[in-house]
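We number each residue from 1, following the sequence as shown. Start at 1 and go down the list; that is how both ligands and their atoms are numbered. Bear in mind that the values here come from a model prediction, so they are computed numbers and not experimental data.
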Amino acid sequence: MNKKIIIGSDHAGFNLKNKLIQFIENKGIEIDDAGTYSTESCDYPKIAKEVAEKISSKEYEKGILVCGTGIGMSIAANKIKGIRAAVVSDTCSAKMSRMHNNSNILCLGERIVGEELAKDITEIWLNTDFLGERHARRVDMIE
Ligand code: RB5
């Protein structure tokens, strides 16, 4: 599977998205940008759908979605089969959403988390593996 990551945002997540792209690229990880490409107002469900469908179809393994709060993106992304999008604003939840929930989309709110915390969350989320076993049974139940 493509190890490249995909990221998307609406206008309210645009600035944080750009900072995260740079942060992730500096770590030697390839990342594709699904937009939006300016701070002009746009509709987050369209971006969430595009990113979520590309993960659902296994074009990408993981993605990141940024909006004002992370909430709208997560609600929209979780409508797509196979998507486990987690809104995260602390490092413990970032770790647990991977270990226990096998989250495949990280949702962040630019209006909620500061840049440095968002980078810490992203790094932990990218580097934490799913534990499987009893957690796999529960994730399967969701599917
Ligand atoms: C846009 O104003 C805002 O509603 C959006 O970015 C997001 O926070 C929705 O959940």
Verify, without hydrogens or angle tests, whether D43 (side chain) and P45 (backbone) share a donor-acceptor contact under 3.5 angstrom. no

Can a donor-acceptor pair be found, under 3.5 Å and without considering hydrogens, that links the side chain of D120 to the backbone of E123? no

So, regarding G72 and ligand 1 (criterion: nitrogen or oxygen to nitrogen or oxygen, under 3.5 Å), is there a contact or not? yes

Side-chain donor/acceptor of R111 to backbone N/O of A12, under 3.5 Å: no

Give yes if a backbone or side-chain nitrogen or oxygen of T69 is under 3.5 Å from a nitrogen or oxygen of ligand 1, and no if not. yes

Assess R111 for proximity to ligand 1: is some non-hydrogen atom of it under 4.0 Å away? yes

Report yes if some heavy atom in the side chain of R98 is under 4.5 Å from a heavy atom in the side chain of F130; otherwise report no. yes

Checking K119 side chain against K19 main chain: does a donor-acceptor pair fall under 3.5 Å? no

Give the residue, atom name and distance (to 0.1 Å) of the protein heavy atom nearest atom 4 (O) of ligand 1. Y44 CE2, 4.5 Å

Can you tell me if H11 has a non-hydrogen atom under 4.0 Å from ligand 1? yes

Considering non-hydrogen atoms of the protein only, which is the closest contact for atom 5 (C) of ligand 1, and what is the distance? D10 OD2, 3.2 Å

Donor-acceptor pair, side chain of S56 and main chain of K81, under 3.5 angstrom: yes

Is it the side chain (CB and beyond), the backbone, both or neither of C67 that lies under 4.0 Å from ligand 1, heavy atoms counted? both

Is G68 close to ligand 1, meaning an N/O of one under 3.5 Å from an N/O of the other? yes

Suppose I only count heavy atoms of A12 and a 4.0 Å limit; which atoms of ligand 1 are within that range? 6 (O)

Measure from atom 8 (O) of ligand 1 to the protein's non-hydrogen atoms and state whether any distance is below 4.0 Å. yes

E110 side-chain N/O to V66 backbone N/O, donor-acceptor pair under 3.5 Å: no

